[in-house]
Each structure stands twice: as C-alpha cells, then as structure tokens.
Amino acid sequence: QVQLVESGGGLVQAGGSLRLPCAASGRTSSIYTMGWFRQAPGKEREFVARIRWSGGSPVYADSAKGRFTLSRDNARSTVYLQMNSLQPEDTGVYYCAGTPRIGVPKTVHEYDYWGPGTQVTVSS
C-alpha cells in the first residue's frame, strides 16, 4: 500500500511563503508522477503542479507559475511544494497525489494515491 502524507500547511499573510513536503511510503515504486492539488470550500479540486520521479521539469498550473516551485528528493521519497507570494485565492486544502501514469496527468481522476491534505490559509 502507498501512503502519502503532506505537512507544512498553516496560516500565512498575503505575500508570505510556505513549504509543503509530501512524504511517500510503502510501494513507492508504483508511483511515477507526483502531483499537488488544492481545493477551496465549495469548489472542485484543482491541479497545482506535478513532477516525475525520473526527472524532467515540473509542470504548473497557470495560477502557480512564477510563484510555486515543485522539487523532489528521490532518496527520501519526498516532494516539496514551495509556495511564494501567496495570495488569499491560494487558500484551500492542499493534497499530495501519486500515479503510475507516465504521461502528464493533471486531473484528479488520473491519480490513484492521495494524502489526507493540509490546510493552507492566506490572510489579506
């Protein structure tokens, strides 16, 4: 079984930064791509960023480009979402996800493994 655990969420003022680690355990060899999603109350879960364990550049949602950075630590089976210049619209529950897909998955249904989520609240 694969387990994903996010952390690093919290309350931050607009313009601030947060770093969200996601640690994977279990059968991590079954995960080819790691992704981040977020969900605000009353809204659909939306894609934020994704990265492949094997390499290549991360892919970001338009809302994240230039502000968020996704990196990997293969030895620790951990990915990190660095979020800078946070704005109130970034508020939501952030979920780490994994998939064996080797394409460029950006939608919720393309991911098989999910963490419990971590709350990010950005105040103005």
Side-chain angles (χ1 to χ4, degrees):
Q1 189 74 22
V2 173
Q3 288 186 308
L4 304 175
V5 180
E6 313 95 335
S7 60
L11 175 65
V12 64
Q13 293 184 346
S17 299
L18 285 173
R19 187 177 183 87
L20 308 182
C22 174
S25 60
R27 295 183 178 272
T28 57
S29 61
S30 66
I31 303 176
Y32 188 83
T33 304
M34 296 286 287
W36 280 93
F37 293 77
R38 67 187 182 189
Q39 187 169 22
K43 293 188 176 182
E44 297 289 323
R45 192 169 299 184
E46 66 174 348
F47 170 78
V48 176
R50 69 94 173 129
I51 194 169
R52 291 174 291 182
W53 287 116
S54 61
S57 300
V59 174
Y60 302 96
D62 288 342
S63 60
K65 291 179 180 177
R67 299 188 300 127
F68 294 3
T69 302
L70 185 57
S71 61
R72 70 177 82 83
D73 185 340
N74 294 66
R76 291 179 173 270
S77 296
T78 301
V79 296
Y80 303 87
L81 182 65
Q82 177 68 45
M83 305 188 295
N84 300 322
S85 301
L86 285 164
Q87 300 299 313
E89 54 264 37
D90 296 314
T91 293
V93 178
Y94 282 68
Y95 296 92
C96 177
T99 177
R101 296 175 184 262
I102 59 175
V104 287
K106 295 182 179 180
T107 58
V108 171
H109 74 271
E110 293 178 288
Y111 288 80
D112 298 311
Y113 313 107
W114 293 87
T118 185
Q119 177 70 43
V120 171
T121 303
V122 185
S123 64
S124 58

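Under the rule for a side chain to side chain contact (heavy atoms under 4.5 Å, CB included), the partners of A40 that lie at least two apart in sequence or sit in another chain are K43. Here K65 pairs with D62 under the side chain to side chain donor-acceptor pair (under 3.5 Å) rule; sequence neighbours left out. Take S54 and apply the side chain to side chain donor-acceptor pair (under 3.5 Å) test, not counting sequence neighbours, and it matches Y32.
For residues 58-117, the disulfide bond (SG atoms under 2.5 Å apart) pairs, not counting sequence neighbours, are C22-C96. The side chain to side chain donor-acceptor pair (under 3.5 Å) contacts involving residues 12-27 comprise S17-N84, R19-Q82, where partners must be two or more places apart or lie in separate chains. Pairs engaging residues 35-95 under the disulfide bond (SG atoms under 2.5 Å apart) rule: none recorded [sequence neighbours left out]. Pairs passing the disulfide bond (SG atoms under 2.5 Å apart) check and including a residue from residues 60-95, sequence neighbours excluded, do not occur. Pairs passing the salt bridge (Lys or Arg N to Asp or Glu O under 4.0 Å) check and including a residue from residues 82-92, sequence neighbours excluded, read R38-D90, R67-D90. Applying the disulfide bond (SG atoms under 2.5 Å apart) rule to pairs touching residues 33-68 yields nothing, sequence neighbours excluded.
In this structure, S124 and P88 approach most closely via the heavy-atom pair CB-CG, 3.9 Å. Closest non-hydrogen pair, P116 versus E6, comes out as CD-OE1, 3.1 Å. Of all non-hydrogen atoms in S77 and T28, the two that sit nearest each other are OG-OG1, 4.0 Å. Taking every heavy atom of both residues into account, Q87 and A14 meet most closely at OE1-CB, 4.3 Å.
Hydrophobic cluster membership of V5, counting Ile, Leu, Val, Met, Phe, Trp and Tyr whose side-chain heavy atoms lie under 4.5 Å apart directly or via other members: none, as it forms a cluster of its own. Think of L20 as one node in a network of Ile, Leu, Val, Met, Phe, Trp and Tyr side chains linked at under 4.5 Å; its network also takes in V2, L4, V12, L18, I31, M34, W36, V48, I51, W53, Y60, F68, L70, V79, L81, M83, L86, Y94, Y113, V120, V122.
Classified by interplanar angle (parallel below 30°, tilted 30° to 60°, perpendicular above 60°), the ring pair F37/W114 is tilted.
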Please table the atom pairs, donor to acceptor, closer than 3.5 Å between any side-chain atom in residues 97-111 and protein atoms at least two apart or in another chain.
unit_1 : atom_1 : unit_2 : atom_2 : d
T99    : OG1    : R101   : N      : 3.1
T99    : OG1    : E110   : O      : 2.7
R101   : NE     : E110   : O      : 3.1
T107   : OG1    : H109   : ND1    : 3.1
T107   : OG1    : E110   : OE1    : 2.7
E110   : OE1    : K106   : N      : 3.1
E110   : OE1    : T107   : N      : 3.2
Y111   : OH     : P105   : O      : 2.9

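Remark: R45 qualifies as a cation-pi partner of Y95 under the 6.0 Å distance and 45° angle criteria applied to the six-membered ring.
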